[in-house]
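Everything numeric in this text was worked out from a predicted model, so none of it was measured. Below, each value reflects all heavy atoms present in this structure, side chains not excepted, and no hydrogens, waters or symmetry copies.
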Amino acid sequence: VHLGGMVSYAEALLSLKVGLRGGGSTLASGLPVDVLVPILDMVIEDYYRQLYHPMLGPQPPSFQWIRLGQVCRWWRFVVLGTPWLWRRVALLEDVPDMIAFALLRSKSTPLTVTAHLVPDSRVARVHTLAMVFGEAARLKELNLTIPTGTLASLKSFYDTAAPLLV
């Protein structure tokens with residue numbers, strides 16, 4: 001299935017939110033978890049893939065996909081309670097609270113981290129990256145665009161073992 005089609009499908013499902021007043025049921029709230037999680041995962045993956053454009057650079061905000069949890073109570077339960085959906089972390093803006101939230105929600109799931117820091121990146125973003133490096137044992141994929149000087153200042157964090165990075 002083409003991911004653009006998955007995004008359209010997810011947008012159509014988001015529009016089904018209307019029927020929830022008074023505890024009503026909708027098609028969206030009736031999807032079983034084994035069907036819903038792969039759909040959400042594909043939408044989230046496509047979202048993260050579009051976050052960094054090679055010519056335009058980072059395209060924030062990086063946590064808009066969380067709105068999928070607003071479709072209905074069931075989707076909220078699945079989005080918040082499925083660690084696999086929280087495995088991607090993108091440091092494209094200064095949102096340390098959201099990164100901490102994602103690390104907490106992902107529990108022990110291996111992480112895919114993308115960070116695009118430029119020479120004038122704020123100190124907060126560097127500290128957030130250091131927080132992510134604190135989870136080095138869970139790093140499965142690490143995509144960094146980072147100035148050499150900034151990387152050197154993080155040396156103590158990347159000396160930690162990251163056995164999942166191959």
Side-chain angles (χ1 to χ4, degrees), residues 1-116 124-125 128-129 131-145 162-166:
V1 175
H2 184 268
L3 287 179
M6 291 304 297
V7 171
S8 298
Y9 182 65
E11 288 171 354
L13 289 173
L14 282 170
S15 70
L16 294 174
K17 183 178 179 180
V18 177
L20 290 173
R21 283 185 229 109
S25 180
T26 66
L27 173 64
S29 64
L31 289 173
V33 72
D34 60 332
V35 172
L36 183 56
V37 168
I39 291 170
L40 293 174
D41 190 51
M42 283 191 266
V43 171
I44 295 166
E45 180 180 356
D46 189 50
Y47 181 80
Y48 276 105
R49 190 181 346 260
Q50 295 175 31
L51 278 178
Y52 188 80
H53 189 279
M55 302 299 265
L56 303 174
Q59 305 296 307
S62 58
F63 283 98
Q64 287 294 312
W65 66 266
I66 294 173
R67 292 180 22 201
L68 292 169
Q70 296 174 349
V71 171
C72 62
R73 286 182 211 119
W74 171 240
W75 280 38
R76 178 178 172 80
F77 177 79
V78 172
V79 166
L80 293 177
T82 307
W84 184 251
L85 297 176
W86 294 89
R87 73 188 184 280
R88 296 175 191 92
V89 176
L91 280 74
L92 303 175
E93 56 184 312
D94 298 323
V95 288
D97 292 342
M98 285 304 300
I99 299 296
F101 186 72
L103 293 174
L104 178 68
R105 287 282 172 193
S106 65
K107 298 189 179 187
S108 61
T109 304
L111 299 171
T112 297
V113 177
T114 302
H116 297 283
R125 194 173 302 171
T128 303
L129 182 58
M131 175 177 54
V132 171
F133 279 177
E135 300 289 331
R138 296 195 303 144
L139 292 177
K140 183 177 179 184
E141 185 177 333
L142 182 61
N143 303 299
L144 290 177
T145 304
L164 300 179
L165 286 176
V166 181

Next on the checklist: Please find the pair of heavy atoms, one from V78 and one from L85, that lie closest to each other, and give the distance.
Outcome noted: O-CD1, 4.1 Å
Checklist outcome for this item: P96 and T128 have their tightest heavy-atom pair at CB-OG1, 3.4 Å
Next on the checklist: Working to the nearest 0.5 angstrom, can you tell me the gap between L68 CG and Y47 OH?
Outcome noted: 10.0 Å
Item to check | Gap between atom CG of L142 and atom CG of L164 - 0.5 Å precision | outcome: 12.0 Å
Checklist entry - Minimum heavy-atom separation for W75 to L31, with atom names? => result CZ2-CD1, 4.0 Å
Checklist outcome for this item: Paired with L103, the side chain to side chain contact (heavy atoms under 4.5 Å, CB included) test is passed by just one of T109, V89, V113, namely V89
Item to check | Distance, nearest 0.5 Å, that separates CD of E141 from CZ of R88 | outcome: 9.5 Å
Item to check | Backbone N/O of P110 and side chain of R87: donor-acceptor pair under 3.5 Å | outcome: no
Next on the checklist: I need the W84 CH2 to I44 CD1 distance, nearest 0.5 Å.
Outcome noted: 11.5 Å
Next on the checklist: Assess the residue pair T112 and Y48 against the criterion (side chain to side chain contact (heavy atoms under 4.5 Å, CB included)); give the C-alpha distance rounded to whole Å, side-chain angles, the decisive distance to 0.1 Å, and a yes or no.
Outcome noted: CA-CA 11 Å; T112 297; Y48 276 105; over 6 Å; no
Item to check | Nearest atoms (heavy-atom pairs only) where P163 meets A136 | outcome: CD-O, 4.4 Å
Checklist outcome for this item: Interatomic distance, CD@E135 vs OG@S106, rounded to 0.5 Å, equals 7.0 Å
Item to check | M42 side, atom CE; R49 side, atom CZ - distance, nearest 0.5 Å | outcome: 11.0 Å
Item to check | With sequence neighbours excluded, residues passing ring pair (Phe, Tyr, Trp, His ring centres under 6.0 Å) with W86 | outcome: W65, F101
Item to check | Atom of A115, atom of L129 and distance for their closest heavy-atom approach | outcome: CB-CD1, 4.1 Å
